Number of protein chains: 2
Amino acid sequence: MAEKNTKQCILDAAERLFALHGYHHTSLRKITGEANVNLAAVNYHFGSKEALLKAIFEYHLTPLNQTRQENLKAVREQALQQGKIPQVADIIRAFIEPTLRYRDSKSGSNYFIALVGRAMAETDDTVRNLFLHQVKPLGMQLFEIPDLQPERLYWRLQFTVGVISHAMRINGKFQMVPENVHPEQDADSLIEQLVPYLTAGLEAP
Amino acid sequence: MAEKNTKQCILDAAERLFALHGYHHTSLRKITGEANVNLAAVNYHFGSKEALLKAIFEYHLTPLNQTRQENLKAVREQALQQGKIPQVADIIRAFIEPTLRYRDSKSGSNYFIALVGRAMAETDDTVRNLFLHQVKPLGMQLFEIPDLQPERLYWRLQFTVGVISHAMRINGKFQMVPENVHPEQDADSLIEQLVPYLTAGLEAP
DNA sequence: GTCTATAGATTGATAGAC
DNA sequence: GTCTATCAATCTATAGAC
């Protein structure tokens with residue numbers, strides 16, 4: 001790990017450990033230990049533990065949010081060309097596909113998805129505020145979606161966040177699985193399970 | 001707080017702080033401080049911090065699970081009398097109503113719901129194992145529900161857990177609310193929002 | 001049962017030599 | 001840039017007086 005760029009080694013190790021055990025449960029000593037790097041290197045390169053987390057979010061979310069925004073634009077334009085309003089399923093897909101596929105992409109990360117899932121569910125201010133600041137502009141566009149009373153739409157979007165966040169977090173760590181079930185866990189399978197579920201919920205009578 | 005039963009004061013304060021800030025973010029000093037009780041009292045009455053959490057779960061979940069089990073039985077019997085299979089919406093309701101209404105009930109707690117929401121989402125072993133041990137027997141009964149491939153049912157139940165857990169946790173602490181929306185937060189409103197959403201998701205094509 | 005005092009471990013951050 | 005050594009704070013848990 002440490003034979004290349006020290007800063008990158010810290011980023012990689014921190015991302016993995018934050019995703020697996022959470023921000024507050026991961027000490028700088030565990031991070032620098034896994035990265036084979038000196039303890040003081042974190043504060044030299046990033047300034048603080050919180051700034052390290054912020055750097056991880058920015059590193060991944062900047063390109064991810066851009067992809068999401070492009071997908072969303074494409075869905076809107078295609079619907080416009082056909083004189084329709086965008087389908088809920090397409091909007092959902094535009095939002096979740098980039099993040100969920102990110103795990104398998106070449107520049108992507110195996111662990112960042114779980115970290116995002118944690119951040120979406122976070123009630124602690126440190127992590128949540130850092131994350132919300134990065135995704136709020138994009139997330140607010142979901143409120144343009146369907147023909148619903150604002151309050152009903154609000155709740156259903158909250159539920160949507162709950163589903164996605166939970167799906168991202170369990171990432172292989174299952175609870176309450178019956179013995180005869182062995183669920184697929186790759187990104188495509190998850191997306192194909194998620195889209196109809198979320199669409200049905202948002203469009204429920 | 002401390003003028004009555006010391007043990008109960010600790011339970012109440014711990015429940016509140018665990019719900020608001022999480023188990024690991026709440027020190028015994030904060031608990032005993034809020035309960036106006038000596039620090040050593042926790043270990044005297046409960047043995048350890050973990051045993052205190054376990055006591056909180058048992059205190060509330062024992063009667064709650066019993067109510068849930070009775071509701072579920074009633075739904076089954078009513079369907080049987082009509083020669084039908086139970087409706088998904090009724091099963092959902094049997095599960096979530098006791099917990100969500102618990103906030104307003106006389107013996108209930110304002111904060112226990114948020115604590116359950118946290119526990120459902122917990123990836124840390126300490127909290128999750130304590131909680132799962134209490135709810136797994138009941139939760140597994142959900143797998144008897146509908147006419148779905150086992151894997152698809154499995155995923156949809158996972159999503160269901162995500163929705164409920166998130167709804168319980170946000171409990172007044174909202175993220176990304178448009179300015180013109182002021183959602184109701186009482187138990188009945190939440191249940192009426194949840195049931196159709198969850199039912200539609202579980203029954204999606 | 002309740003208290004003080006403290007042990008023993010871990011944390012984030014930093015000073016200063018190299 | 002990297003290292004050692006350490007500070008100051010925090011934590012759970014416990015021993016022992018009252």
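This one's a predicted model, so the numbers in the text were calculated from it and none came from an experiment. We name chains A, B, ... by the order of the sequence lines, and we start the count at 1 in each one.
Figure legend: Lys7(B) and Tyr44(B) shown without cation-pi pairing, the cationic atom not lying both under 6.0 angstrom from the six-membered ring centre and within 45 degrees of its axis. With Phe18(B) as the aromatic partner, Lys49(B) does not meet the cation-pi criteria of under 6.0 angstrom to the ring centre and within 45 degrees of the ring axis.
Residue contacts for Thr32(B): at a heavy-atom cut-off of 4.0 Å it reaches no nucleic acid atom on any strand shown. Here Ala40(A) lies in heavy-atom contact (under 4.0 Å) with a base.
Nearest-nucleotide mapping onto DNA chain C: of His45(B) and Arg29(A), the residue sitting toward the 5' end is His45(B).
On the nucleic acid side, DNA chain C contacts chain A at distances under 4.0 Å to non-hydrogen atoms, with the end points of that region at dT11(C) to dT14(C).
For the side chain to side chain contact (heavy atoms under 4.5 Å, CB included) test with Phe131(B), the passing option among Lys136(B), Arg118(B), Met120(B) is Met120(B); the others fail.
Summarising the geometry, the separation between NE2 on His24(A) and C1' on dT10(D) is reported as 15 Å, rounded to the nearest angstrom. Atom CG in Leu39(A) sits about 10 Å away from atom C1' in dT4(D), given to the nearest Å.
In terms of modelled atom types and a separation under 3.5 Å, the side chain of Ser189(B) and the main chain of Gln185(B) share no donor-acceptor contact.
With no hydrogens or angles considered, no side-chain donor-acceptor pair links Arg68(A) and Asn71(A) at under 3.5 Å.
By the side chain to side chain contact (heavy atoms under 4.5 Å, CB included) test, Glu192(B) is found to be paired with Arg93(B), residues two or more places apart in sequence or in another chain being considered.
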